[in-house]
Protein chains: 2
Amino acid sequence: MNSKQTPKAQKTREHILETALGLFASQGYDETTMRDIAAAAGCSLGLAYRYFARKEEMVLELYEQCARELEEEVSKLPPGPLAGRFVSAIEADLRRISLYRTTMGALFSAGLAPNSEVAVLGDRVAGIRTRVWGIFRVVITGATDAPKPAQVTQLATLFYAVHLLIVLFWLQDRSPAQERTHELLKFGRETLGRLRPLLGLPPVAKPLARLAGIVGPMFGPVESAEDAGGGAAGEDENGSRGSVPIGAGG
Amino acid sequence: MNSKQTPKAQKTREHILETALGLFASQGYDETTMRDIAAAAGCSLGLAYRYFARKEEMVLELYEQCARELEEEVSKLPPGPLAGRFVSAIEADLRRISLYRTTMGALFSAGLAPNSEVAVLGDRVAGIRTRVWGIFRVVITGATDAPKPAQVTQLATLFYAVHLLIVLFWLQDRSPAQERTHELLKFGRETLGRLRPLLGLPPVAKPLARLAGIVGPMFGPVESAEDAGGGAAGEDENGSRGSVPIGAGG
DNA sequence: AGCTTTTAGTGAACATGTTCAACTTTTATT
DNA sequence: AATAAAAGTTGAACATGTTCACTAAAAGCT
């Protein structure tokens, strides 16, 4: 398992990770070589690779850390309208990762190549995805105008997807201080606020459910089989199953 | 300029490119090394680099080629409802790039790191973006239910953005034969068809215009300044200026 | 033709992510 | 303590994208 190593090893590992993240934050991801990390951590190149099979693996850890912190911050979010809570959560997330812009870029970058598991939608990240998805659940259920339970799961899935897109947008946003992203968020809040009353109406609810059914499985760990999303809106309370143990990093 | 080289050089260049694209298609992008390419093309490693400063640059050329072909195919699309034409264009695009899944993945992957110019949203691709954006203009104006001219530009920008997202989705889609993507397209067609009548109504048109104003500049070449998208919906007929000479590859 | 300049082409060398066989230290066992 | 097994650690070596000083061919000029 994971936490059953010698304390010494654990300490070494953490030391290397912290060193790496520090370098990532200060000089950027690409500019930080594994040799830099080893040197700064005062160990050999090989040792870094003992604890992190690939450079990206360190980013993964960062991602998890951010998710954990975000979880806490969101749990403290005051009740309020759904739109406001959603945007606040996103803003908190962006604030948190802003130190690691290029590093997160690497994560998403790797995520784009359908190969590496160390990617936003890769297998290795399944646990974190589940966790973040859960955060959006809290965002929704904690809203003063939360939709009825049957819709919560679907909405969480869609929020998760939108969240991903916004981070993508943010990564690309070259405007000063990423003001364009914040404009987008403002727009999102207003629009979502305006749309909120319609969420319960079938002409809106049904397409949303269908969309969640299509998009959700992309976030799932592997996929067993064929009930993916045949025809209409199957309200079977999933769409992005969370059956993966969260802290199950190998 | 570009086409002012010796015919011999031009030929060599094309030969290398074709060899490379062939290898990309048959064994994947990452699996094809520059040395492979040079060997298969019967030239030295250095020569390949003389014509293509980086490996990604070859992908760029592929992207441009696809854009050109798509342009032609779309121009032959029969008149019909907007939704159908849009989805048909996307499908044509996907069909075209399906041979080069991993290769396109590389393009988008690089595109995610905000560094490299050889990226979907990078400077080097500005010309191609403009071109593709133009394709969506044609998609719109050629529809039997085309919106009024003032909206065409905005809609083209949004279509371009959605197109990017769909390719992203497609790249990640691990379902057999990418059926999930096609489901998404079906959903998109139906939804867009249903929404089409509302496009002219201010409560819909205004937010769309605003969104286009926010998103559009991301696709622009560099950005001059500050009129990016201040407050309300500025219908100033742009949102994604196409003032870049299309074939201006340096 | 003989010279110069520009273009085409080469392959060794470098940087960096990654692997691996060997070495050292720690822990468990007798 | 002596020995064996496991865990920790090392640095050389490899693969691959990229660079560069250099050679070979071609074109231009007198």
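Proteins get letters first, then strands, A, B, ... in listed order; numbering begins at 1 in each. The shown structure was predicted, so the numbers you read here are calculated from the model rather than taken from an experiment.
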#### Entry: Distance in angstrom units between A/K55 NZ and C/dT19 C1', rounded
17 Å
### Message
For B/A9 and B/G46, find the nucleotide of DNA chain C closest to each by heavy atoms; which residue's nucleotide sits nearer the 5' end?
### Response
B/A9
#### Entry: Nearest-angstrom distance from the residue atom CD of B/Q27 to P of D/dT16
11 Å
#### Entry: Sugar-phosphate only, base, or nothing, as touched by B/Y51 at under 4.0 Å among non-hydrogen atoms
sugar-phosphate
### Message
Measure CD1/B/I16 against C1'/C/dA8 and give the value in whole Å, please.
### Response
11 Å
### Message
Can you see if the side chain of A/R35 gets near the phosphate of C/dT16 - specifically, an N or O under 4.0 Å from OP1 or OP2?
### Response
no
### Task
Quickly work out the A/R50 CZ to C/dA22 P distance and round it to whole Å.
17 Å
### Task
Report yes or no: does A/R180 contribute a side-chain atom to a donor-acceptor pair with the main-chain N or O of A/D173 at less than 3.5 Å?
no
### Message
Base, sugar-phosphate or nothing for B/R54? Non-hydrogen atoms, less than 4.0 Å.
### Response
sugar-phosphate
#### Entry: Candidates C/dG17, D/dG8, D/dT16 - which lies nearest the side chain of A/Y49
C/dG17
### Query
Just by distance, do the side chain of A/R129 and the backbone of A/G122 share a donor-acceptor pair under 3.5 Å?
yes
### Task
Rounded to the nearest angstrom, tell me the gap between atom CZ in B/R13 and atom C1' in C/dA8.
15 Å
### Close aromatic pair by centroid cut-off 6.0 Å: A/F159 and A/F86
yes
